[in-house]
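Here the structure is laid out as structure tokens; the discussion comes afterwards.
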2 protein chains.
Amino acid sequence: MVSEPEVNAVRAAPNRRAQILRAAAELFAERGFHGVTIEELGRAVGTSGPALYRHFPGKDALLAAMLLEVSERLEADGRARVHAAAGPAAALDALLRGHVAFALGEPALITVHDRELGNVREPDRREVRRLQRAYAEQWVGVLARLRPGLPPDVVRAAVHSAFGLLNSTPHSAGSLPAADMGALLFRMGRAALLAPFPGE
Amino acid sequence: MVSEPEVNAVRAAPNRRAQILRAAAELFAERGFHGVTIEELGRAVGTSGPALYRHFPGKDALLAAMLLEVSERLEADGRARVHAAAGPAAALDALLRGHVAFALGEPALITVHDRELGNVREPDRREVRRLQRAYAEQWVGVLARLRPGLPPDVVRAAVHSAFGLLNSTPHSAGSLPAADMGALLFRMGRAALLAPFPGE
DNA sequence: CACCGATGTTAATGGTCGCTAACATCGGCG
DNA sequence: CGCCGATGTTAGCGACCATTAACATCGGTG
């Protein structure tokens with residue numbers, strides 16, 4: 001027990017930062033930001049406690065980095081998909097496919113992403129919001145082209161509702177094979193967004 | 001400052017318990033269970049701090065009471081609506097209408113209801129789960145009758161996804177008049193649940 | 001009208017938690 | 001091969017927080 005303290009001393013830090021973020025996402029998703037202690041975060045990556053401060057200036061900063069990373073990733077991916085698509089219909093399908101893949105692949109990140117923004121302090125919080133908004137506007141732009149004549153705030157509300165549907169994955173995780181779940185979410189999301197809306 | 005301590009001493013307790021639960025729902029929805037202190041809960045209802053313990057044995061018990069109440073309400077209301085409906089199609093519409101009204105009327109409760117179950121301790125937690133499951137099964141039963149031949153786990157997954165859509169209200173609150181938002185959610189939910197699914 | 005139960009108040013307590021300090025170990029580089 | 005930066009470790013420290021204690025006030029009731 002005390003025999004080999006140096007074995008895991010410096011060992012294994014190929015990418016500690018990323019490893020911490022991954023583990024933290026799981027824990028935050030399960031118990032919430034305030035429900036997880038620094039000690040637990042450390043233990044989840046094999047180190048214990050305050051080793052975290054070698055990689056992040058504090059718990060808040062860790063959460064901020066996590067949300068910035070994921071919202072950037074979503075936005076960039078969304079933008080790429082829209083640009084690569086032939087028309088609005090193809091773009092919507094591409095956005096749906098991308099979001100579904102993300103939600104199924106990283107349910108913890110998706111959960112934290114839309115629950116914990118309130119715990120990010122002001123400089124970063126604005127940036128995360130900006131990226132989230134930019135991502136949503138990709139969807140809004142595509143849907144508006146697909147359904148001209150629909151008021152912009154209705155389009156926006158519809159898009160956010162669709163996000164709610166797609167992000168619900170964590171609640172029903174495992175009840176279906178991932179491929180089937182993906183197909184289900186894709187079709188439900190598509191149907192919801194293309195349904196006849198009020199005011200048309 | 002010290003002049004009139006007795007003014008608000010016993011005053012105003014027509015239904016403190018309900019008042020506390022309502023205020024607590026708002027705070028828990030905003031900052032999460034662990035992000036709210038007893039002192040804040042007290043201040044939100046005009047009393048300060050430990051007065052809470054006259055109405056609940058502890059913070060945990062407060063959350064448990066809240067989740068039990070809302071899940072009971074959903075289940076009972078859902079059951080009533082299904083029984084009153086003429087057929088499965090009418091039942092689905094009634095369930096949708098009820099859930100939408102609830103989500104728009106009490107967004108904070110909806111939020112806490114599907115985020116904070118993890119902070120409820122074991123005796124009550126099981127009961128909340130049971131009620132949530134019973135409510136979901138109302139939907140599953142109706143949808144299964146509407147779409148025979150669909151595998152039960154697909155039906156269940158679809159229902160939970162629809163919940164995600166309907167419960168997304170808090171994220172887009174206020175961007176649309178409540179009536180319009182209600183109509184939008186109703187139509188999107190309906191379209192999503194009746195969309196052609198994989199495996200049919 | 002004295003008493004009591006319901007409901008509050010402030011002060012104290014014990015535990016937990018984020019964070020800092022002080023010290024150790026290792027790989028790489030001059 | 002000795003030094004240094006990166007990365008860990010354990011021990012404390014100060015703050016916060018849920019809960020309890022001790023004490024007050026009011027309305028109603030016998």
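A, B, ... follow the sequence lines: proteins, then strands. Residue 1 opens every chain. Side chains included, hydrogens not; waters and symmetry mates left out as well; all remaining heavy atoms used.
- Under a 4.0 Å N-O distance rule, the pair B:Glu75/B:Arg79 qualifies as a salt bridge.
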Could you list the protein-to-nucleotides 15-18 of chain C atom pairs, N/O on both sides, closer than 3.5 Å?
{"unit_1": "C:dG18", "atom_1": "OP1", "unit_2": "A:Val36", "atom_2": "O", "d": "3.3"}
{"unit_1": "C:dG18", "atom_1": "OP1", "unit_2": "A:Lys59", "atom_2": "NZ", "d": "2.9"}
{"unit_1": "C:dG18", "atom_1": "OP2", "unit_2": "A:Ile38", "atom_2": "N", "d": "2.9"}

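- Rounded to an integer number of Å, the gap from A:Arg54 CZ to C:dC23 C1' is 10 Å.
- Between the CD1 atom of A:Ile20 and the C1' atom of D:dG8 there is a distance of 12 Å, rounded to whole Å.
- Other residues, nucleotides and ligands contribute only 12 or fewer heavy atoms inside 6.0 Å of the CZ atom of A:Arg121.
- Taking atom CZ of B:Arg17 as the reference point, atom P of C:dA6 lies 15 Å away to the nearest angstrom.
- Under the salt bridge (Lys or Arg N to Asp or Glu O under 4.0 Å) test applied with A:Arg31, the options A:Glu26, A:Glu116, A:Glu40 reduce to a single match, A:Glu40.
- Remark: B:His55 is not in phosphate contact with C:dA6, judged by side-chain N or O atoms under 4.0 Å from OP1 or OP2.
- Between B:Phe56 atom CZ and C:dA6 atom C1' there is a gap of 15 Å when expressed in whole angstrom units.
- Remark: C1' of D:dG8 and CZ of A:Arg43 are 16 Å apart, rounded to the nearest angstrom.
- For residues 90-111 of chain B, the side chain to side chain donor-acceptor pair (under 3.5 Å) pairs, not counting sequence neighbours, are B:Arg73-B:Glu106, B:Asp93-B:Arg190, B:His99-B:Tyr135, B:His99-B:Asn167.
- B:Leu52 places its CG atom 18 Å from the P atom of C:dA6, with the value rounded to the nearest Å.
- Taking 4.0 Å as the cut-off between side-chain N and carboxylate O, A:Glu127 and A:Arg130 count as a salt-bridged pair.
- Regarding contacts with the backbone of D:dA6, every side-chain N or O of A:Arg16 stays at 4.0 angstrom or more from both OP1 and OP2.
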Determine, stepwise, if the pair B:Arg115 / B:Phe33 fulfils side-chain contact (heavy atoms from CB on, under 4.5 Å). CA-CA 9 Å; B:Arg115 284 189 191 180; B:Phe33 179 70; over 6 Å; no
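- As rounded to whole Å, 10 Å separates atom P of D:dT19 from atom CG of B:Leu62.
- Between B:Leu41 atom CG and C:dG8 atom C1' the separation is 16 Å, expressed in whole Å.
- Here the nucleotide nearest the side chain of A:Ser48, chosen from C:dT10, D:dT10, D:dC23, is D:dT10.
- Each of C:dC19, D:dT19, D:dT7 was ranked by its minimum atom distance to the side chain of B:Pro50; first place goes to D:dT19.
- Checked against A:Leu193 for a side-chain contact (heavy atoms from CB on, under 4.5 Å), the options A:Leu143, A:Leu165, A:Val142 give a single hit: A:Leu143.
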